Amino acid sequence: MGYDLVIFDNDGVLVDSEPLANSILAGYLTEIGHPTSYEESLRDYMGSAMHRVHDLVRERTGAQLPAEFDETLYTRTFAAFERELKPVPGVEDVLGALTASGVGYCLASSGSHERIRVGHRAAGLDGWFEEEWIFSSDDVGRGKPAPDLFLHAARQMGVEPARCVVVEDSPLGVQAARAAGMDVFAFTAMLPAERLGDATGFFGDMMQLPGLLQLPV
């Protein structure tokens, strides 16, 4: 085994939330006068912290999003999660293989702690992650593509960055992992490999990940 810690992104890697979340985000932005397609939401915001939405709208239009934007978006997104969210197929098998092999894992997400916990409860993954294994962009000054979140996770878990590997599905996440000096395996369920940058490797089915990590299955 080449790594001491596996750091998972959350949305799109552990929970199948990207289609839901980006549909809701695109619809809400369009509703308040910033026309955005689902594909544009994936391109611009997938894998990013909430501040990026505010920053890009301000840069492009000079307008501020409404004060209630975050709260309204969270309310709509969490309601959809409660109704529809599922785990990414095969991810529980991967977590089980890591546990059986004694390999440490955690998650580092651009989403808030509340969003992570709501999603895990809805998808039935809450039993797999201790509270101290969950890291959010809320915990650091800069979200992805800055390396801060992944470096924070490694530091808190007591593992050197070079001994960590990240599992990501967004270009911003791949950039952040590389900037942190970590290997990164890119999951191509949502975006093709050519959109995911300089990853260490690519995989399209979660059941391929144990082989990349050299885990028994």
Side-chain angles (χ1 to χ4, degrees), residues 1-22 24 46-47 49-50 74-140 143-144 149-159 163-170 173 176-177 182 184-187 189-190 203-217:
M1 177 66 189
Y3 306 104
D4 297 329
L5 179 68
V6 181
I7 305 176
F8 290 94
D9 176 43
N10 186 53
D11 293 292
V13 171
L14 296 173
V15 293
D16 192 18
S17 53
E18 293 290 10
L20 284 174
N22 281 281
I24 292 165
M46 183 175 165
M50 184 63 76
Y74 287 145
T75 297
R76 294 181 183 187
T77 302
F78 293 170
F81 283 2
E82 295 286 1
R83 292 191 307 268
E84 303 178 53
L85 193 62
K86 304 293 183 186
V88 169
V91 77
E92 290 179 273
D93 295 312
V94 174
L95 296 173
L98 288 167
T99 300
S101 299
V103 178
Y105 65 87
C106 66
L107 77 83
S109 172
S110 293
S112 67
H113 281 281
E114 182 183 12
R115 176 188 171 114
I116 295 164
R117 277 307 185 193
V118 167
H120 281 207
R121 285 196 301 271
L125 293 181
D126 45 333
W128 287 103
F129 288 86
E130 302 292 339
E131 191 65 39
E132 59 267 26
W133 300 351
I134 296 175
F135 306 100
S136 161
S137 61
D138 290 349
D139 303 331
V140 296
K144 306 169 189 177
L149 179 56
F150 289 137
L151 292 173
H152 173 70
R155 186 165 54 248
Q156 293 299 115
M157 297 294 289
V159 179
R163 302 296 302 163
C164 299
V165 63
V166 175
V167 183
E168 264 287 355
D169 71 334
S170 75
M182 300 176 182
V184 53
F185 292 123
F187 185 38
M190 289 293 297
F203 66 105
D205 184 318
M206 194 56 67
M207 292 309 296
Q208 296 173 296
L209 184 57
L212 293 173
L213 298 173
Q214 301 172 37
L215 295 173
V217 290

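As the structure is a prediction and not an experimental result, all values here were calculated from the model.
- Pairing each heavy atom of Ala153 with each of Cys106, the nearest pair is CB-SG, 4.2 Å.
- Looking only at side-chain heavy atoms (C-beta outward), His113 and Asp139 come within less than 4.5 Å of each other.
- Considering OG of Ser110 and CE of Met46, their distance stands at 11.0 Å, rounded to 0.5 Å.
- Side-chain contact between Val94 and Val6 is absent, with no heavy-atom pair separated by less than 4.5 Å.
- Note: Trp133 and Phe129 have perpendicular aromatic rings, judged against thresholds of 30 and 60 degrees for the angle between ring planes.
- For Leu14 against Leu125, the heavy-atom pair with the smallest separation is O-CD1, 3.4 Å.
- The two residues Lys144 and Ala108 have their closest heavy-atom pair at NZ-O, 3.2 Å.
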Side chain to side chain contact (heavy atoms under 4.5 Å, CB included) between His120 and Trp128, intermediate numbers included
CA-CA 9 Å; His120 281 207; Trp128 287 103; over 6 Å; no
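- When every heavy atom of Ile116 is checked against every heavy atom of Phe135, the shortest pair comes out as CD1-O, 4.2 Å.
- Looking only at side-chain heavy atoms (C-beta outward), Met206 and Asp93 stay at 4.5 Å or farther from each other.
- At least one side-chain heavy atom of Met190 sits less than 4.5 Å from a side-chain heavy atom of Pro19.
- For the pair Ser109 (side chain) and Ser136 (backbone), a donor-acceptor distance under 3.5 Å is absent.
- The distance from the CG atom of Asp138 to the CE atom of Met50 is 10.0 Å, given to the nearest 0.5 Å.
- Taking all atoms of both residues into account, the shortest heavy-atom contact from Met182 to Phe150 is CE-O, 3.4 Å.
- In this structure, CG in Asp9 is found 8.0 Å from CG in Leu107, a value given to the nearest 0.5 Å.
- Put simply, the side chain of Leu98 reaches to within 4.5 Å of the side chain of Phe8, judged on heavy atoms.
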Can you list the steps and then say if Phe185 with Leu213 is a side chain to side chain contact (heavy atoms under 4.5 Å, CB included)?
CA-CA 9 Å; Phe185 292 123; Leu213 298 173; 3.9 Å; yes
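- A distance of 9.0 Å separates CD in Gln208 from CZ in Phe187, rounded to the nearest 0.5 Å.
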Stepwise, does the side chain to side chain contact (heavy atoms under 4.5 Å, CB included) test hold for Val165 with Leu212?
CA-CA 11 Å; Val165 63; Leu212 293 173; over 6 Å; no
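- If you check the side chains of Asp11 and Ser17, you find a donor sitting under 3.5 Å from an acceptor.
- The distance from atom CD of Glu131 to atom CZ of Arg117, rounded to the nearest 0.5 Å, is 4.5 Å.
- In this structure the side chain of Asn10 reaches within 4.5 angstrom of the side chain of Val15, judged on heavy atoms.
- Across Gly12 and Val88, no two heavy atoms sit closer than the pair O-CG2, 3.7 Å.
- The structure places CZ of Phe81 at 6.5 Å from CG of Leu20, a figure rounded to the nearest 0.5 Å.
- Contact annotation: the side chain of Val103 never approaches that of Tyr3 to less than 4.5 Å [non-hydrogen atoms, C-beta and beyond].
- Using a 4.5 Å cut-off on side-chain heavy atoms (C-beta onward), Leu5 and Arg163 make no contact.
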